[in-house]
Amino acid sequence: MEELTLEQQKTMSSRDLLNYYLGKSYDDARHAHENGKLVCWSTSIAPSEFCETMDVCLVYPENHAAAIGAKKGALDMIDAAEKLGYNPDICSYARVNLAYMELLAEEARTGVTPKELADCPAERIPLPDFILVCNNICNTLLKWYENIAAELGVPYIIIDVPYNHTMPVPQYYKDYIRSQFGYAIHQLEEICGKPFDYDRFQKVMEQTQRSVAAWDKAMSMADVKPSPMKGFDIFNYMALIVCARSKKDSEIVFNRFTEEMEAKIAAGEDAFKGNEKHRLTWEGIACWPYLGHTFKALKNLGINMTGSTYPGSWSMHYHPGNLDEMATAYATVYGNTCLENKVKVISDVVKAGKCDGVAYHLNRSCKLMSFLNVEIADLVKKETGTPFVNFDGDQTDPRNFSEAQFDLRMQALSEVMDSRKEEDK
């Protein structure tokens with residue numbers, strides 16, 4: 001896809017820009033080889049700075065699986081994965097992606113496109129030339145991506161990040177992660193057949209920090225009361241901070257989004273047109289197959305989601321060139337930190353978003369996030385005083401979510417928030 005001119009960028013809405021640059025990311029990957037570039041399948045919070053420096057096209061299987069789920073195509077992939085022997089207890093992102101990978105490989109072997117692949121509603125992605133994994137989200141990623149590398153016979157780069165049982169990050173953690181960075185660069189040089197350009201690396205880090213700053217400011221627009229943005233926009237725009245964090249594309253989109261929200265604030269407009277009754281923190285990954293239902297169910301109750309820890313996972317803050325700080329940023333991803341830090345982060349999100357309650361997604365696929373939520377919920381309530389409910393669901397497998405249960409739980413939370421509001425009068 002052609003680059004947009006400055007004039008085109010100025011006349012397009014943030015939503016149009018978002019769709020354009022997401023499409024461009026996939027298009028660049030599909031045409032990578034003809035443009036002399038390699039394709040890497042990467043975990044969603046691996047250091048994109050290294051591959052961007054080497055001019056590698058990055059594809060994010062988690063992001064792609066979420067898109068398949070949001071477009072109602074996950075069940076076909078999940079069925080295909082389970083027929084291949086993958087257990088239903090495995091992360092549904094993994095099952096969707098592993099089935100997709102097998103179907104791509106089958107097409108490459110036979111020259112015939114399998115029906116499930118032809119019918120897949122999400123953007124098509126190419127097979128990878130190598131894999132990049134950072135286990136700062138969960139250790140499931142290690143075996144999931146190792147399986148891809150083994151099945152396809154491609155190189156496998158691991159950046160191992162220890163779990164943070166205490167905070168702050170000790171120096172020996174930083175030293176260990178920096179050694180992982182160094183070895184990853186060495187592997188990239190061998191795979192790409194060229195030396196690592198450290199001058200370009202500095203510029204890529206600078207761009208990453210501009211993009212992250214633009215993301216933080218855009219998402220902070222939800223904190224205004226009443227909010228000019230529908231909170232579920234956070235989940236939609238999040239796709240770009242995942243797949244283009246080290247590119248100017250994301251900075252352009254998020255700056256435009258902020259301009260739009262600031263214009264609404266100046267005009268006295270809010271997303272719910274005066275009907276924002278309550279404000280909610282959503283803890284956990286979105287239920288992508290039911291994104292529309294969950295948003296509408298909350299909106300019908302006058303509840304706007306103005307807080308979430310999930311998007312902040314991509315707010316990687318460091319001074320460009322300071323690899324200790326970069327190591328810390330990738331080590332302290334929310335999901336990779338101890339109970340005490342999680343409680344602090346959620347409490348801060350509740351307060352910043354001026355939230356009246358919290359909904360905890362007990363996600364069958366993401367056990368690392370879900371297992372602590374029962375204890376976290378009680379501790380956050382003690383810290384913030386906000387009531388909460390939990391609901392069962394899944395990030396991609398539609399079989400693990402009940403619309404009726406979700407609606408009932410949100411109705412119950414709404415009634416509690418109504419009662420508390422009456423008591424405060």
Would you say [Y] and [X] are linked by a side-chain donor-acceptor pair, where the criterion is simply a distance under 3.5 Å?
X	Y	value
Q171	D175	yes
Q180	D160	no
D216	S315	yes
S227	T306	no
W144	Y86	no
N373	H361	no
N164	T337	no
S211	Q207	yes
S365	D394	yes

With a 4.0 Å cut-off on N to O distance, would you call [X] and [Y] a salt bridge?
X	Y	answer
E52	K247	yes
D89	R364	yes
E146	K143	yes
D76	K115	no
K203	E206	no
E3	K24	yes

Taking side chain to side chain donor-acceptor pair (under 3.5 Å) as the criterion, tell me which of D397, D79, N87 meets it with R95.
D397
Validation row: [X], [Y] side chains within 4.5 angstrom (heavy atoms):
X	Y	answer
R30	I125	no
M305	R279	no
F254	K217	no
P398	W288	no
D270	K225	no
I191	I157	yes
Y93	N63	no
D356	K277	no

Would a distance-only check, ignoring hydrogens and angles, find a side-chain to backbone donor-acceptor pair under 3.5 Å from [X] to [Y]?
X	Y	answer
E260	S14	yes
E189	F196	yes
T281	S308	no
H64	Y60	no
R210	E251	no

Aromatic plane relationship, W282 with F406 - under 30° parallel, 30 to 60° tilted, over 60° perpendicular:
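Ring orientation, 0 to 90° scale: tilted.
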[atom1]/[X]: more than 12 non-hydrogen atoms of other groups inside 6.0 Å:
X	atom1	value
H319	NE2	no
K367	NZ	yes
K344	NZ	no

List the atom of [X], the atom of [Y], and the distance in Å for their closest heavy-atom pair.
X	Y	value
M316	V333	CE-CG2, 3.8 Å
A105	L152	CB-CD2, 4.3 Å
A149	I131	CB-CG1, 4.1 Å

To the closest 0.5 Å, what do you measure between [atom1] ([X]) and [atom2] ([Y])?
X	Y	atom1	atom2	result
F391	S402	CZ	OG	11.0 Å
W314	L240	CH2	CG	12.5 Å
L98	I78	CG	CD1	11.5 Å
I68	S92	CD1	OG	11.0 Å
Y100	I148	OH	CD1	12.5 Å
S313	M238	OG	CE	8.5 Å

Which of Y198, F201, Y183, Y330 passes ring-ring contact (aromatic ring centres under 6.0 Å, His included) with F50? It is F201
Determine, stepwise, if the pair Y318 / E49 fulfils side-chain hydrogen bond (donor to acceptor under 3.5 Å, both in side chains).
CA-CA 12 Å; Y318 57 81; E49 294 89 338; 2.5 Å; yes
Are S347 and T384 close enough, and set up right, to give a side-chain hydrogen bond (donor to acceptor under 3.5 Å, both in side chains), and what steps lead you there?
CA-CA 6 Å; S347 299; T384 65; 5.5 Å; no
Hey, mind stepping through E283 and T309 against side-chain hydrogen bond (donor to acceptor under 3.5 Å, both in side chains) and telling me if it holds?
CA-CA 6 Å; E283 173 52 14; T309 60; 2.6 Å; yes
Lys NZ or Arg CZ of [X] over [Y] ring: under 6.0 Å, within 45°:
X	Y	result
K72	Y290	yes
K299	F272	yes
K342	Y334	yes

Applying side chain to side chain contact (heavy atoms under 4.5 Å, CB included) to V59 and C40, what does each step give before you reach the verdict?
CA-CA 6 Å; V59 172; C40 171; over 6 Å; no
Derivation and outcome, side chain to side chain contact (heavy atoms under 4.5 Å, CB included), residues N363 and N400:
CA-CA 9 Å; N363 184 348; N400 296 326; over 6 Å; no
Between D223 and K354, is the salt bridge (Lys or Arg N to Asp or Glu O under 4.0 Å) condition met? List the steps.
CA-CA 7 Å; D223 296 344; K354 304 173 182 63; 5.9 Å; no
May I have the step-by-step check of side chain to side chain contact (heavy atoms under 4.5 Å, CB included) for H278 and S414, ending in yes or no?
CA-CA 8 Å; H278 296 298; S414 178; 4.2 Å; yes
Taking the six-membered ring where the residue is Trp, are the ring centres of F257 and Y237 under 6.0 Å apart?
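Yes, the ring centres sit under 6.0 Å apart.
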Would you say the rings of H293 and F295 are close, in the sense that their centroids are separated by under 6.0 Å?
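Aromatic pair excluded; centres sit 6.0 Å or further apart.
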Going through the checks in order, is the side chain to side chain contact (heavy atoms under 4.5 Å, CB included) test met by Y173 and Y163?
CA-CA 10 Å; Y173 267 36; Y163 186 84; 5.9 Å; no
